[in-house]
2 protein chains.
Amino acid sequence: MRLSRLADYGTVVMGYMAGDPAAVHTATGISAAIGIAPPTVSKLLKILSRRGLLVSLRGSRGGYRLSRRPGRITVAEVVEAVEGTIALTECSGVMCRCSMEPGCTVQREWRQINRRLRGVLDGVTVADLARKRTRKGPSGRTPGAVAAKPDATVAVDHRS
Amino acid sequence: MRLSRLADYGTVVMGYMAGDPAAVHTATGISAAIGIAPPTVSKLLKILSRRGLLVSLRGSRGGYRLSRRPGRITVAEVVEAVEGTIALTECSGVMCRCSMEPGCTVQREWRQINRRLRGVLDGVTVADLARKRTRKGPSGRTPGAVAAKPDATVAVDHRS
DNA sequence: TAATACAGTACCAATTTAGTCCTGTATTGC
DNA sequence: GCAATACAGGACTAAATTGGTACTGTATTA
């Protein structure tokens with residue numbers, strides 16, 4: 001259930017750009033700032049601009065800029081731009097390849113879960129990704145309980 | 001962000017078994033019922049029993065049985081049993097391999113999202129997976145708004 | 001006109017994962 | 001006791017995905 005690494009990077013890039021929302025950022029500049037290989041960042045930026053999340057400016061002094069205010073671009077949009085879909089299961093659309101009996105109850109629940117997941121991802125904007133915990137951010141929403149807990153308690157097994 | 005197919009199958013198997021919670025199910029029987037290849041079902045059942053979600057009974061007349069009431073086994077547990085972790089990002093634990101500045105704000109938000117995702121998955125039990133929409137199920141909770149909408153409106157792009 | 005920077009596509013390599021098979025062990029029933 | 005059933009565990013193979021790179025083309029600025 002991991003995000004593709006590219007989608008993960010996508011949020012990092014957008015978070016970085018949201019730190020200076022009006023500026024025009026070049027691929028090489030972003031690459032140097034966040035420590036991801038230039039061709040990879042470039043690939044990502046192309047995708048994000050093709051999907052309308054970024055505006056690209058060609059030529060000398062060109063680069064990329066957020067197409068909207070960072071508080072108006074959600075993580076769901078970023079993930080969807082890179083991955084194409086927000087869904088944990090394949091049986092989330094109308095047709096399902098699995099040969100279960102009609103009215104598969106498992107599928108019904110998964111659709112509900114996928115819908116809720118989208119809600120979660122829609123609840124976080126790229127402005128949130130950029131906002132430092134102590135300083136007050138530029139956009140309206142407040143992180144609330146998010147900033148409270150340093151979260152040193154979680155211990156996750158990363159293997160498979 | 002797709003679940004591994006094995007984890008997806010896991011919910012199907014558990015949902016099927018939850019339809020007859022007290023019964024002892026054999027791997028071949030389950031395989032025939034849900035249309036997944038026997039070795040694959042077998043592999044899955046071994047994993048689920050090793051993780052304590054199922055009880056295995058060896059020998060003739062053996063098989064597998066749910067270790068708890070279906071209303072007490074959540075989808076989160078099933079997914080975690082098969083996949084090992086419930087998290088969309090790698091940077092969800094205490095340590096993170098990415099060389100971002102300390103106090104990476106992106107990571108902070110992802111941790112929050114992952115926590116909420118777990119909440120969503122914890123909100124659905126295998127009893128829900130088995131419950132038919134018209135008949136009243138055996139366990140307490142009601143599907144509520146879930147059953148209302150046949151959901152023929154979603155059109156998801158399955159590629160990539 | 002030269003330099004900069006994006007656009008698009010194609011390609012290679014590595015990782016992951018699905019799926020199968022084989023050997024071993026426990027339990028039941030004859 | 002013996003045969004049949006069914007799970008336990010691990011190894012292995014093949015395929016799909018995806019990460020990352022490179023190359024050619026085009027637009028814009030100085």
Side-chain angles (χ1 to χ4, degrees), chain A residues 1-10 12-13 17 23-32 34-65 67 79 82-85 88-90 97-98 158-160, chain B residues 1-10 12-13 17 23-32 34-67 79 81-85 88-90 97-98 158-160:
Chain A
M1 71 162 9
R2 283 280 160 66
L3 235 50
S4 73
R5 194 159 345 169
L6 218 51
D8 193 344
Y9 288 168
V12 176
V13 168
M17 294 178 77
V24 173
H25 303 265
T26 66
T28 53
I30 295 172
S31 166
I34 65 180
I36 299 173
T40 302
V41 172
S42 178
K43 183 183 194 173
L44 197 43
L45 290 167
K46 287 174 207 169
I47 293 170
L48 293 169
S49 80
R50 208 179 310 150
R51 295 287 198 269
L53 266 43
L54 299 177
V55 173
S56 72
L57 300 160
R58 310 236 277 201
S60 171
R61 303 192 56 186
Y64 296 90
R65 214 185 50 219
S67 67
V79 170
V82 180
E83 301 225 321
T85 304
L88 293 174
T89 51
E90 257 173 286
R97 91 267 168 263
C98 73
H158 278 173
R159 286 155 305 184
S160 174
Chain B
M1 71 164 6
R2 282 282 160 66
L3 235 50
S4 73
R5 198 166 331 179
L6 217 51
D8 192 344
Y9 288 168
V12 176
V13 167
M17 293 179 78
V24 173
H25 303 266
T26 67
T28 53
I30 294 172
S31 166
I34 65 179
I36 299 173
T40 302
V41 172
S42 178
K43 183 183 194 172
L44 197 43
L45 290 167
K46 286 175 207 170
I47 293 169
L48 293 169
S49 79
R50 208 180 311 152
R51 296 286 198 266
L53 267 44
L54 299 178
V55 173
S56 71
L57 301 160
R58 310 236 276 201
S60 172
R61 302 193 56 186
Y64 296 91
R65 215 185 49 219
L66 296 183
S67 68
V79 170
V82 179
E83 300 224 322
T85 304
L88 294 175
T89 51
E90 256 172 286
R97 91 269 170 260
C98 72
H158 278 174
R159 286 155 305 187
S160 167

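Proteins come first, then strands; the chains are lettered A, B, ... in the order of their sequence lines, and each starts at number 1.
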How many Å lie between [atom1] on [X] and [atom2] on [N], as a whole number?
{"X": "A:Ile47", "N": "C:dC6", "atom1": "CD1", "atom2": "P", "answer": "15 Å"}
{"X": "B:Arg51", "N": "D:dG9", "atom1": "CZ", "atom2": "C1'", "answer": "13 Å"}
{"X": "B:Leu3", "N": "C:dT16", "atom1": "CG", "atom2": "P", "answer": "17 Å"}
{"X": "A:Leu6", "N": "D:dT21", "atom1": "CG", "atom2": "C1'", "answer": "13 Å"}
{"X": "B:Leu48", "N": "D:dA8", "atom1": "CG", "atom2": "P", "answer": "11 Å"}
{"X": "A:Lys46", "N": "D:dG25", "atom1": "NZ", "atom2": "P", "answer": "15 Å"}
{"X": "A:Glu90", "N": "C:dT17", "atom1": "CD", "atom2": "C1'", "answer": "13 Å"}

Closest heavy-atom contact between [X] and [Y]?
{"X": "B:Ile36", "Y": "B:Val41", "value": "O-CG2, 3.6 Å"}
{"X": "A:Met17", "Y": "A:Tyr64", "value": "CE-O, 3.5 Å"}
{"X": "B:Leu44", "Y": "B:Val13", "value": "CD2-CG2, 3.9 Å"}
{"X": "A:Ser67", "Y": "A:Gly52", "value": "OG-O, 2.8 Å"}
{"X": "B:Ile47", "Y": "B:Val82", "value": "CG2-CA, 4.3 Å"}

#### Entry: With A:Ala23 via side chain to side chain contact (heavy atoms under 4.5 Å, CB included) - residues at least two apart
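Partners of A:Ala23 under the side chain to side chain contact (heavy atoms under 4.5 Å, CB included) test: A:Asp20, A:His25.
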
### Query
Can you name the residues that form a side chain to side chain contact (heavy atoms under 4.5 Å, CB included) with A:Ala37, not counting sequence neighbours?
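With sequence neighbours excluded, A:Ala37 shows a side chain to side chain contact (heavy atoms under 4.5 Å, CB included) to A:Pro39, A:Thr40, given in chain and number order.
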
### Task
Mind running a 4.0 Å heavy-atom check of residues 37-45 of chain B against DNA chain C and sending the residues that fall below it, in number order?
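Listed by number, they are B:Ala37, B:Pro39, B:Thr40, B:Lys43.
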
### B:Arg50 or A:Ala7, whichever maps to the more 5' nucleotide of DNA chain D
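Looking at DNA chain D, the more 5' nearest nucleotide goes with B:Arg50.
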
Ignoring backbone atoms, test whether [X] places a side-chain nitrogen or oxygen under 4.0 Å from the OP1 or OP2 oxygen of [N].
{"X": "A:Thr26", "N": "C:dT4", "answer": "no"}
{"X": "B:Arg5", "N": "D:dA16", "answer": "no"}
{"X": "B:Ser56", "N": "D:dA8", "answer": "yes"}
{"X": "A:Arg2", "N": "C:dT16", "answer": "no"}
{"X": "A:Tyr9", "N": "D:dT18", "answer": "no"}

### Message
Across nucleotides 25-30 of chain C, 5' to 3', mark each nucleotide with B, S or - according to how protein heavy atoms within less than 4.0 Å reach it.
### Response
BBBBS-

Side-chain donor-acceptor contacts of residues 55-62 of chain A below 3.5 Å, not counting sequence neighbours, with atom names and distances?
none

### Task
Please name all residues satisfying side-chain hydrogen bond (donor to acceptor under 3.5 Å, both in side chains) with A:Ser4, sequence neighbours left out, ordered by chain then number.
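A:Glu83.
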
